[in-house]
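Before any comments, here is the structure.
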Amino acid sequence: MDEPILKPGDRDYVGALASGLEVLQAFDGQHPRMTLSEVAARTGMDRAKARRFLLTLHALGFVKRRGRQFELTPRVLQLGYAYQASNQYRTVIQQYLEDITAELGESSSLAVLDGDEVVYVVRSAARHRLMAITLSVGTRLPAAYTSMGRVLLAQLPGEEFSAFLERVPLERYTETSLTDRDALRGEIEKVRRQGYAIVDQELDLGLRSVAVPVFSGIGELLGALNISTNAARVDMETLLTTYLPRLQAVADKVRQNAR
């Protein structure tokens with residue numbers, strides 16, 4: 001069995017490391033540059049503590065300073081590269097997704113579950129843009145409102161899934177967004193039975209997607225694969241009869257080759 005996850009206050013929990021990582025994660029697309037005061041506010045730290053971590057990260061080369069403002073450096077990418085390099089099967093999946101884009105003209109992605117969100121770890125983008133935000137490797141979206149998220153939630157053990165349902169905020173992104181917890185539970189159970197998920201304009205108007213889980217040859221869950229498209233261009237029948245079988249074929253190839 002896996003070791004229990006440490007909590008703040010446990011003897012082996014290194015609070016300084018956790019705080020340093022929290023400072024790094026405070027920077028994002030909406031906050032690419034921040035002052036010391038802004039970092040302190042974003043992380044909930046006092047200024048003195050935030051200053052020590054920023055200066056340490058600056059000394060290590062992960063943060064650079066321009067006057068009163070701090071920003072991340074390209075060295076942060078080494079952390080992501082280490083993750084990608086340790087998962088060689090993603091290089092194979094990248095090629096499969098690019099093949100889908102070339103064949104169907106649609107964007108295709110691989111995502112994993114991280115907390116209550118999905119994180120894009122491999123992506124092949126089509127020329128046309130589907131959402132107001134730019135989707136790329138590292139993008140995070142709410143699991144409850146994405147096809148990949150629902151596929152991954154369907155793989156959770158019962159207790160973990162129930163805990164997710166109890167804590168996750170359900171928001172009305174569009175008129176079709178599920179905001180009833182029992183309805184969301186029923187939808188995830190349906191996904192678990194049928195082995196795929198379709199989300200139709202629940203996160204963004206016009207965005208329609210289909211996803212399937214992908215496993216290694218030894219049964220390890222690697223993530224979820226999806227194809228996303230525009231609802232005005234691709235109807236549900238095409239999604240089910242053309243796009244879904246294409247994704248299932250890729251998932252089967254990955255299972256045969258990822259050991």
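Considering all non-hydrogen atoms of both residues, L57 and G20 come closest at CD1-O, 4.0 Å. The minimum heavy-atom distance between Q69 and T35, with the atom names listed, is CG-CG2, 4.1 Å. Listed here is the closest heavy atom pair of R181 and V168: NH1-O, 2.8 Å. The shortest non-hydrogen separation linking S108 to I227 is OG-CG1, 4.1 Å. The minimum heavy-atom distance linking G219 with F215 is given by the pair O-CD2, 3.6 Å.
Within the 3.5 Å criterion, the main-chain N or O of G61 finds a donor-acceptor partner in the side chain of T73. Looking only at distances, no side-chain donor or acceptor of T238 sits under 3.5 Å from a matching main-chain atom of V234. T174 places no side-chain N or O within 3.5 Å of a backbone atom of L203 that could act as its donor or acceptor partner. Within the 3.5 Å criterion, the main-chain N or O of Y13 finds no donor-acceptor partner in the side chain of D10. Judged by distance alone, the side chain of S216 and the main-chain N or O of E220 form a donor-acceptor pair under 3.5 Å. Under the 3.5 Å distance criterion, the side-chain polar atoms of E160 are left unmatched by any main-chain donor or acceptor of P157. R65 contributes no side-chain N or O that, together with a main-chain N or O of H58, makes up a donor-acceptor pair within less than 3.5 Å. Using a distance-only test at 3.5 Å, with no hydrogens or angles considered, a donor-acceptor pair links the side chain of R192 to the main chain of A154. For S19 (side chain) and A16 (main-chain N/O), no donor-acceptor pair under 3.5 Å exists by modelled atom type. At least one donor-acceptor pair under 3.5 Å links the side chain of Q201 to the backbone N or O of G206.
Under the 4.5 Å side-chain heavy-atom criterion for Ile, Leu, Val, Met, Phe, Trp and Tyr, V212 and V121 are members of the same hydrophobic cluster. No path of Ile, Leu, Val, Met, Phe, Trp and Tyr side chains, each step under 4.5 Å between heavy atoms, connects V191 with L221, placing them in separate hydrophobic clusters. Tracing side-chain contacts under 4.5 Å through hydrophobic residues (I, L, V, M, F, W, Y), one reaches V39 starting from L21; they form part of the same cluster. In the hydrophobic clustering of this structure, V151 does not group with L97; members are Ile, Leu, Val, Met, Phe, Trp, Tyr whose side-chain heavy atoms approach within less than 4.5 Å, directly or through other members. Residue L153 is grouped with residue M148 when hydrophobic side chains (ILVMFWY) are merged at heavy-atom distances under 4.5 angstrom, including chains of intermediate members.
Qualifying side-chain hydrogen bond (donor to acceptor under 3.5 Å, both in side chains) partners for S109, counting only residues two or more places apart in sequence or in other chains: R123. R66 meets the salt bridge (charged side-chain N to carboxylate O under 4.0 Å, His left out) test with E71; sequence neighbours excluded. For L165, the side-chain contact (heavy atoms from CB on, under 4.5 Å) partners are F161, L184, R185, not counting sequence neighbours. The ring-ring contact (aromatic ring centres under 6.0 Å, His included) test applied to Y173 returns Y145, not counting sequence neighbours.
Separation of atoms OH (Y120) and CG (N226) is listed at 5.5 Å; rounding is to 0.5 Å. Expressed to the nearest 0.5 Å, how far OG1 of T146 lies from CD of E117 amounts to 10.0 Å. R52 CZ to M45 CE: the interatomic distance, rounded to the nearest 0.5 Å, is 9.5 Å. One finds the OG1 atom of T176 at 7.0 Å from the CG atom of L205 (value rounded to the nearest 0.5 Å). Expressed to the nearest 0.5 Å, how far CG of D99 lies from CD of Q94 amounts to 10.0 Å. For the atom pair R167 CZ and S162 OG, the distance stands at 10.5 Å (nearest 0.5 Å).
For R75, the CZ atom sits in a packed shell: over 12 heavy atoms of surrounding residues, nucleotides or ligands are nearer than 6.0 Å.
Taking the side chain as every heavy atom from C-beta outward, L72 and F62 never approach each other to under 4.5 Å. Between L36 and R47, the closest side-chain pair of non-hydrogen atoms falls below 4.5 Å. Side-chain contact check for R208 versus V199: every heavy-atom pair is 4.5 Å or farther apart. Side-chain contact between V118 and L152 is present, with at least one heavy-atom pair separated by less than 4.5 Å. In this structure, the side chains of L113 and L156 come closer than 4.5 Å at one or more pairs of heavy atoms.
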Could you tabulate the donor-acceptor pairs under 3.5 Å formed by side-chain atoms of residues 240-252, not counting sequence neighbours?
residue	atom	partner	partner atom	Å
T241	OG1	E237	O	2.7
Y243	OH	E106	OE2	3.0
R246	NE	E103	OE1	2.6
R246	NH2	E103	OE1	3.1
D252	OD1	R255	NH2	2.3
D252	OD2	Q256	NE2	2.7

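Remark: D28 engages R42 in a salt bridge, criterion side-chain N to carboxylate O under 4.0 Å.
Checked by atom type, the side-chain pair T179/R172 shows a donor-acceptor distance below 3.5 Å. Between the side chains of S147 and S209, at least one donor-acceptor pair of N or O atoms lies under 3.5 Å. Side-chain contact, R233 with T229: a donor N or O sits under 3.5 Å from an acceptor N or O.
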Applying salt bridge (charged side-chain N to carboxylate O under 4.0 Å, His left out), run through E202 and R150 and close with a yes or a no.
-> CA-CA 12 Å; E202 290 191 48; R150 289 182 181 175; 2.7 Å; yes
Please assess V122 against V137 for the test side-chain contact (heavy atoms from CB on, under 4.5 Å), listing each intermediate value before the final yes or no.
-> CA-CA 6 Å; V122 181; V137 172; 5.6 Å; no
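For the ring pair (Phe, Tyr, Trp, His ring centres under 6.0 Å) condition, no pair includes a residue of residues 24-53, sequence neighbours left out.
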